[in-house]
Amino acid sequence: MERVRSVADLDQLCRHFRRELIELLHSKGTGHPGGSLSCVELLTALYYEIMRVDPKNPEREGRDRLILSKGHAAPILYCVLAEKGFFPAAELTTFRQTGSRLQGHPCRHKTPGIECSSGPLGLGLGAGLGMALAEKLKKSDARIYVVMGDGEIQEGAVWESAAAAAKYRLDNLTAILDFNGVQLDGTLEEIMPPGDLTKRWEAAGWNVVNCDGHQISQIIEAIRIAGECKEKPTIVIAKTIKGKGISFMEGRHQWHGKAINDEEFERAMQELGIERGEWNGGFHS
Ligand SMILES: Cc1ncc(C[n+]2csc(CCOP(=O)(O)OP(=O)(O)O)c2C)c(N)n1
Ligand SMILES: [Mg+2]
């Protein structure tokens with residue numbers, strides 16, 4: 001697909017990704033819908049407006065890199081990478097099958113476009129800071145993006161990495177927090193209240209930008225501001241809704257990692273504005 005630029009086009013692309021994701025997870029009877037749906041706009045903005053990547057040469061020197069630290073959202077990343085051309089879209093049908101390159105969590109050594117294996121939460125920021133430091137030493141202008149979950153940042157390693165990134169003044173490192181307020185089995189407020197995240201990250205030495213994580217134009221602007229900040233890493237705190245786009249999934253931790261049954265699938269398709277029959281042939285072979 002050509003690089004698309006208008007916000008309307010990108011919104012349309014997000015709708016396509018939601019549809020593809022729901023078809024994929026329904027057909028496989030597995031996966032993580034909630035946390036995938038909350039970062040659709042974030043990944044779309046990054047891959048279609050911000051990052052310099054080359055799907056035909058995924059290892060190109062000087063490329064920007066994205067680490068999906070909340071690795072359970074792998075299925076939506078696979079949808080985006082396939083659409084970008086990192087691997088054939090037909091391969092999505094192999095999701096989570098033995099021998100597939102598209103496992104339940106991202107694997108650096110198997111899948112074109114995956115920059116870092118992830119799944120165990122809390123490790124992506126440390127990997128990202130290492131990459132950012134390496135790019136600085138090489139005097140490259142490549143940028144590193146790390147997408148984290150808000151439950152994920154309860155991990156202590158996140159804050160060790162945050163301190164190191166501030167110490168090394170890694171202004172080529174941008175963290176993006178998928179701030180959906182929900183984790184695996186409840187809300188953040190119920191399980192571990194996050195407090196004032198802007199103040200916490202500022203205290204760690206970071207530049208902080210807040211935005212609506214479902215508004216493409218706000219995401220692009222927030223990351224542009226991050227790119228202009230010198231001598232500090234930036235975190236974009238993107239307010240999102242877990243399960244965004246499917247009413248019965250929105251804000252509900254029960255949809256963190258639940259399979260989609262046939263009736264739920266049909267309701268979801270209707271909500272996405274896709275008529276019965278239109279999805280025939282999707283991933284149902
Ligand atoms: C170290 C570690 N502990 C626990 C888990 C199990 N786990 C997978 S996803 C998840 C919840 C993550 O919540 P959040 O970071 O808010 O993600 P999102 O809401 O974006 O899906 C947990 C506890 C894990 N993958 N890694
Ligand atoms: Mg969350």
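In each ligand, atom 1 is the first atom listed, and ligand 1 is the first ligand listed. Below, all heavy atoms of this structure are taken into account, side chains as well, without hydrogens, waters or symmetry copies.
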Sub-4.5 Å side-chain heavy-atom contact between S69 and E152: yes
R101 versus T94, side-chain donor and acceptor atoms under 3.5 Å: no
May I have every N or O pair linking ligand 1 to the protein at under 3.5 Å, one per line with atom names and distance?
from	atom 1	to	atom 2	distance (Å)
ligand 1	15 (O)	G151	N	3.2
ligand 1	15 (O)	E152	N	2.8
ligand 1	16 (O)	D150	OD1	2.7
ligand 1	16 (O)	G151	N	2.8
ligand 1	16 (O)	V182	O	3.1
ligand 1	17 (O)	H72	NE2	3.4
ligand 1	19 (O)	N180	OD1	3.2
ligand 1	19 (O)	N180	ND2	2.9
ligand 1	19 (O)	V182	O	2.8
ligand 1	19 (O)	K242	NZ	2.8
ligand 1	20 (O)	K70	NZ	2.8
ligand 1	20 (O)	N180	ND2	3.3
ligand 1	21 (O)	H72	NE2	2.7
ligand 1	21 (O)	K242	NZ	3.0
ligand 1	25 (N)	G119	O	2.9
ligand 1	26 (N)	L121	N	3.0

Parallel, tilted or perpendicular: rings of H256 and H72 (30°, 60°): tilted
Residue R60 excluded, over 12 heavy atoms near CZ under 6.0 Å: yes
Parallel, tilted or perpendicular, as decided by the 30° and 60° cut-offs, for the rings of F248 and W255: perpendicular
Mutual orientation of the aromatic rings belonging to F265 and H26 [parallel < 30°, tilted 30-60°, perpendicular > 60°]: parallel
Metal-centred angle, OD1 of N180 through the Mg ion (ligand 2) to OD1 of D150, rounded to 10 degrees: 100°
N, O or S atom of L188 closer to the Mg ion (ligand 2) than 2.8 Å: no
Distance-only donor-acceptor check, side chains T30 and R96, under 3.5 Å: yes
